[in-house]
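Here's the structure, in structure tokens; my notes come after.
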2 protein chains.
Amino acid sequence: MLQKLDISLIRDLPPFRDMDESALRALLMQARSQRIAKGVHIFIQGQPAREFFLLLDGHIRVVKLTPQGDQFVPRYISSGELFGIAMALGVDAYPADAVAARDCVILVWPNTLWPDLVANHPTFATNTLATVGKRLAETQLQLAELATERVEQRVANAVLKLAKQTGKKTAEGIVIDFPVSRQDISDMTGTTLHTVSRLLSAWETAGWVKSGRQKITLTDGHRLVLIAHGKERTQG
Amino acid sequence: MLQKLDISLIRDLPPFRDMDESALRALLMQARSQRIAKGVHIFIQGQPAREFFLLLDGHIRVVKLTPQGDQFVPRYISSGELFGIAMALGVDAYPADAVAARDCVILVWPNTLWPDLVANHPTFATNTLATVGKRLAETQLQLAELATERVEQRVANAVLKLAKQTGKKTAEGIVIDFPVSRQDISDMTGTTLHTVSRLLSAWETAGWVKSGRQKITLTDGHRLVLIAHGKERTQG
DNA sequence: CGAAGCCTTGATGCGCCTCAACGTACGTGG
DNA sequence: CCACGTACGTTGAGGCGCATCAAGGCTTCG
């Protein structure tokens, strides 16, 4: 079992900003902390939502399955974010799968706490609203991109987004901090792994990126930005 | 100028559910009601957000402009919905244009009221969160559709959505209640007006719809659902 | 009555999916 | 530790869906 949870874990995270210490302590008392191994599903689309979560460490892939059986990845969750807050959104089932992109640590609360939380802590409600609002804005931006841009731009955007969100500086450039396959990228951009593979190969020979098995390193991010903006095109 | 606003205008709308009458009255005192002619912009993308709005009557088109200059329509707003609540979402500029799809009546409040509103009326905060959450869910669904479905399915979906949202029963079938051009549909689905025109023509000769200038009538909605689900395909 | 906006329909081409085959790294168990 | 199976990646050939280009007809409104 785990040692006592300290409020330093969550005190400085956006969702809990401006909450007083006693409230935070009370909140942590009711939380369960849990380690999730890479590849494990935390919850599944359609499952009744009984708990909500906070990602303390790691990265989580959100996966939506369409009725036709295709899968799509609308976003990745980084540490410090709330997720699985179906209840807050007024639905009683999780709208997507949550899969650990690598080993993760999460906090888990029962949904029954939620009403109290928003009722007694207006700032928490406001913070959550802002979070959900940002996600909505992001999603709408993605929607517009998907509708108007060519595959090449969307893939460049996806890689850049991942690098911005999870990038680590190394000698060679910025490397994405968890395993990403060609398939993962294609699931984010509505294309196929083949097309992603071809693009990454082309960019590698051009010298903008280096990539290997489930690993992508940006060596010339600026160039990728140009491609993302449609101001430069990959040579066949 | 307008007569006094009565709380019956807003009492039964989702955002205000469970608010007490005195609060509603106070809220209305601070509202300005306004008529918007068809085609007029209520606000513009990027403009600083100083007010938020409630649509009392009509339909509003949300239009996003991409940096590259393409436009995209993520959704239509129906009467009874809040919109332009940028402040709630933690951003200080409107993220898209709002254009009256036909003559509309709206209520307008200054943004300065928002903090009080959520602080003093927890149910309002919860309701708003649920609204934004539903929009997020919708948007993500749309994203998945756009990523995985063929144009034909997306156009069918868009038409069905409009019909469900604004459809009026007539002798001929369900007619969409405001002027919709081919261009509008293509802006919702990330295609071109040409393709939409061809599809509607094909569906018309097949007998699923009737359509004319800025007017679409569903005569066999069930068939369209099949197309939307990819279980049936339009003949060339 | 003219102009502008909306719609239709054809011809053409290309971006990207699909299908196919093979190469390569990983990890697992004997 | 090696051998095998599995998952991931690459690259080619071919074709289709849909954008693009083009031209013309039909409303609606000033």
Side-chain angles (χ1 to χ4, degrees), chain A residues 37-39 61 68-72 99 101-102 146-156 158-159 176 178-206 209-217 227 230 232-236, chain B residues 37-39 68-72 99 101-102 146-156 158-159 176 178-206 209-217 227 230 233-236:
Chain A
K38 175 184 158 185
R61 180 173 30 250
Q68 276 118 72
D70 305 292
Q71 68 175 29
F72 180 71
V99 188
R102 59 185 180 96
L146 194 50
T148 62
E149 293 177 359
R150 277 172 302 106
V151 164
E152 186 190 353
Q153 300 176 258
R154 307 201 307 260
V155 171
V159 172
I176 293 170
F178 59 84
V180 205
S181 69
R182 309 290 184 259
Q183 174 87 53
D184 292 334
I185 304 273
S186 69
D187 285 345
M188 296 174 68
T189 51
T191 178
T192 62
L193 74 163
H194 308 279
T195 299
V196 173
S197 178
R198 282 183 238 272
L199 284 172
L200 286 178
S201 295
W203 294 345
E204 181 143 16
T205 56
V209 303
K210 272 184 171 293
S211 80
R213 186 189 179 79
Q214 302 202 103
K215 176 163 155 290
I216 300 175
T217 311
I227 290 177
E232 183 140 354
R233 298 181 61 144
T234 308
Q235 305 296 334
Chain B
K38 174 183 158 185
Q68 276 117 72
D70 306 292
Q71 68 174 30
F72 180 70
V99 189
R102 59 185 180 97
L146 194 50
T148 63
E149 293 177 359
R150 277 171 301 108
V151 163
E152 187 190 352
Q153 300 176 257
R154 307 202 307 259
V155 171
V159 172
I176 293 170
F178 58 85
V180 205
S181 70
R182 308 291 184 257
Q183 175 87 53
D184 291 334
I185 304 273
S186 69
D187 284 345
M188 299 174 67
T189 51
T191 178
T192 62
L193 74 162
H194 308 280
T195 298
V196 172
S197 179
R198 281 184 238 273
L199 284 172
L200 285 177
S201 295
W203 295 344
E204 180 143 14
T205 55
V209 304
K210 272 185 171 293
S211 79
R213 188 189 180 80
Q214 303 202 104
K215 175 162 155 292
I216 300 176
T217 311
I227 290 178
R233 299 181 60 143
T234 308
Q235 305 298 332

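Values reported hereafter were calculated over all heavy atoms of this structure, with side chains retained and with hydrogens, waters and symmetry mates removed. Throughout, protein chains are lettered first and strands after them, A, B, ... in sequence-line order, and every chain is numbered starting at 1.
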Please state whether the phosphate of [N], meaning OP1 or OP2, lies under 4.0 angstrom from any side-chain nitrogen or oxygen of [X].
{"X": "A/Arg182", "N": "D/dT10", "value": "yes"}
{"X": "A/Thr195", "N": "C/dC17", "value": "yes"}
{"X": "B/Ser197", "N": "C/dC7", "value": "no"}
{"X": "A/Thr191", "N": "C/dC17", "value": "yes"}
{"X": "A/Ser181", "N": "D/dA7", "value": "no"}
{"X": "B/Ser201", "N": "C/dT9", "value": "yes"}
{"X": "B/Arg233", "N": "D/dG17", "value": "yes"}

*When rounded to the nearest 0.5 angstrom, what distance separates OG1 in B/Thr195 from CD in B/Glu152?*
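One finds 11.0 Å between OG1 of B/Thr195 and CD of B/Glu152.
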*Output the distance between atom OG1 (A/Thr148) and atom CD (B/Gln71), rounded to the nearest 0.5 Å.*
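Here the rounded value is 11.0 Å.
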Distance check needed: [N] [atom2] versus [X] [atom1], whole Å only.
{"X": "A/Leu199", "N": "D/dG9", "atom1": "CG", "atom2": "P", "value": "14 Å"}
{"X": "B/Asp184", "N": "C/dG5", "atom1": "CG", "atom2": "P", "value": "15 Å"}
{"X": "A/Asp70", "N": "C/dC17", "atom1": "CG", "atom2": "P", "value": "12 Å"}
{"X": "A/Leu193", "N": "D/dT11", "atom1": "CG", "atom2": "C1'", "value": "12 Å"}
{"X": "A/Gln183", "N": "D/dT10", "atom1": "CD", "atom2": "P", "value": "13 Å"}
{"X": "A/Arg150", "N": "C/dC17", "atom1": "CZ", "atom2": "P", "value": "13 Å"}
{"X": "A/Leu146", "N": "D/dC18", "atom1": "CG", "atom2": "P", "value": "14 Å"}
{"X": "A/Lys215", "N": "D/dT10", "atom1": "NZ", "atom2": "P", "value": "12 Å"}

Sub-4.5 Å side-chain heavy-atom contact between [X] and [Y]:
{"X": "A/Arg213", "Y": "A/Ser181", "result": "no"}
{"X": "B/Leu193", "Y": "B/Gln183", "result": "yes"}
{"X": "B/Arg154", "Y": "B/Leu146", "result": "yes"}
{"X": "A/Thr191", "Y": "A/Arg150", "result": "no"}

Least distance between heavy atoms, [X] atom then [Y] atom:
{"X": "B/Phe72", "Y": "B/Met188", "result": "CE1-O, 3.6 Å"}
{"X": "A/Glu204", "Y": "A/Ser211", "result": "OE1-N, 3.2 Å"}
{"X": "A/Leu200", "Y": "A/Val209", "result": "O-CG2, 4.0 Å"}

*asked:* Tell me the bend of the helix from C/dC1-D/dG30 to C/dG30-D/dC1 as the angle between end helix axes, each from five pairs, rounded to the nearest 10 degrees.
replied: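 Comparing the first five pairs with the last five, the axes sit 40° apart.
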*Without swapping roles, check the side chain of B/Thr189 against the backbone of B/Ile185 for a donor-acceptor pair under 3.5 Å.*
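At least one qualifying donor-acceptor pair exists.
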*Describe the nucleic acid contact of A/Glu152 in one word from base, sugar-phosphate, nothing, applying a heavy-atom distance below 4.0 Å.*
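Counting heavy atoms under 4.0 Å across all strands, no contact is made by A/Glu152.
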*Determine, for nucleotides 21-30 of chain D in 5'-to-3' order, which nucleotides have protein heavy atoms under 4.0 Å from the base (write B), from only the sugar-phosphate (write S), or from neither (write -).*
BB----BS--
